[in-house]
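Take a look at the structure below.
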Amino acid sequence: MRRQIAWAVIVGVTLLALLLFSFGTPASQAAPLAAPTPVAVTVKNPAPEFPVFFDAKVLTADTRSSCFEVPDYSAIDLMTVIDQTDVNTVTLTLNFSNNNLNFADGVAAVSANVADATALNQFLLFGRWTCLYADVSVTNPVTVTAIGVVK
């Protein structure tokens, strides 16, 4: 009986020792070569600009406005005011360019206008330069104001 108790104690102590060694300290790991450096996040958020394409300009023929460099921006809030004296169908089309010589038509900001009108709409911008092209149907004078906020 004593022998059985002795063997039970030996087996119990052995199992306890194995259990304690299995929960021992973990293997050491090498430290990183250098402390991690945080990465700076730079958000390019330029201040808005306010291009004036037409400033109460009286048009009697097709005309392209002054063009503005807008490569840092993605949208324009464009306000248009058209004052018709005599009926003259007006279409204002956004033009885009990368060289300020050759222009690609964008969307019509105002399409076939024949009466006094005011509108404020947002449009996407593309390329380096943006301007407006005013297409008038006859030589009757029409006053056009087009002011933007690019952002």
Side-chain angles (χ1 to χ4, degrees), residues 12-151:
V13 170
T14 304
L15 288 176
L16 183 60
L18 289 174
L19 184 64
L20 290 175
F21 284 123
S22 68
F23 289 121
T25 60
S28 62
Q29 296 179 354
L33 296 175
T37 304
V39 177
V41 176
T42 303
V43 177
K44 191 173 189 179
N45 192 9
E49 291 188 27
F50 311 99
V52 177
F53 298 100
F54 295 113
D55 188 11
K57 184 166 178 86
V58 177
L59 303 178
T60 57
D62 295 351
T63 306
R64 178 172 286 112
S65 72
S66 300
C67 296
F68 295 90
E69 283 191 272
V70 292
D72 292 334
Y73 304 96
S74 60
I76 183 169
D77 294 341
L78 183 65
M79 182 171 189
T80 55
V81 180
I82 298 177
D83 183 16
Q84 296 273 359
T85 305
D86 293 321
V87 175
N88 189 349
T89 305
V90 179
T91 298
L92 298 177
T93 305
L94 282 165
N95 282 176
F96 305 109
S97 175
N98 280 339
N99 62 6
N100 206 22
L101 296 172
N102 303 304
F103 297 93
D105 286 342
V107 297
V110 174
S111 184
N113 170 275
V114 292
D116 292 351
T118 300
L120 178 59
N121 295 297
Q122 187 173 74
F123 302 99
L124 293 176
L125 293 174
F126 303 97
R128 179 176 175 185
W129 299 86
T130 297
C131 45
L132 277 176
Y133 186 79
D135 182 7
V136 296
S137 61
V138 294
T139 58
N140 295 339
V142 59
T143 304
V144 176
T145 301
I147 301 170
V149 176
V150 293
K151 48 188 176 178

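- S137 is linked by a side chain to side chain contact (heavy atoms under 4.5 Å, CB included) to N88, T89, counting only residues two or more places apart in sequence or in another chain.
- Between N100 and C67, the closest heavy-atom pair is OD1-CB, 3.5 Å.
- Counting heavy atoms from C-beta on, the side chains of T93 and D135 never come closer than 4.5 Å.
- Between V90 and Q84, the closest side-chain pair of non-hydrogen atoms falls below 4.5 Å.
- The nearest pair of heavy atoms linking R64 to F54 is C-CZ, 4.3 Å.
- Within the structure, side chain to side chain donor-acceptor pair (under 3.5 Å) pairs that include any residue of residues 121-132 comprise E69-R128, D77-Q122 (at least two apart or interchain).
- N98 approaches G127 most closely through the heavy-atom pair OD1-CA, 3.1 Å.
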For residues 103-112, please give each side-chain donor-acceptor pair under 3.5 Å, one per line with the distance, not counting sequence neighbours.
residue, atom, partner, partner atom, Å
D105, OD1, N95, ND2, 2.8

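- A side-chain contact (heavy atoms from CB on, under 4.5 Å) with V58 is found for one member of V144, T143, D83 and no other, namely T143.
- Side-chain contact between F68 and E49 is absent, with no heavy-atom pair separated by less than 4.5 Å.
- Taking both residues in full, the closest heavy atoms of V136 and L59 are given as CG1-CB, 4.4 Å, listed atom of the first, atom of the second, then distance.
- Distance CZ/F126 to OG/S74: 9.5 Å, rounded to 0.5 Å.
- The backbone N or O of K57 lies less than 3.5 Å from no partner atom in the side chain of D55, so there is not a single donor-acceptor pair.
- With a 4.5 Å cut-off on side-chain heavy atoms, I82 and D116 do not count as touching.
- At a threshold of 4.5 Å between non-hydrogen side-chain atoms, the residues L94 and L132 count as touching.
- Considering all non-hydrogen atoms of both residues, L125 and V150 come closest at CD1-CG1, 3.8 Å.
- Between F53 and C131, the closest heavy-atom pair is CE2-CA, 3.7 Å.
- Counting only distance, with no hydrogens or angles, the side chain of T60 and the backbone of T139 share no donor-acceptor pair below 3.5 Å.
- Between L78 atom CG and L92 atom CG the span is 8.0 Å, to the nearest 0.5 Å.
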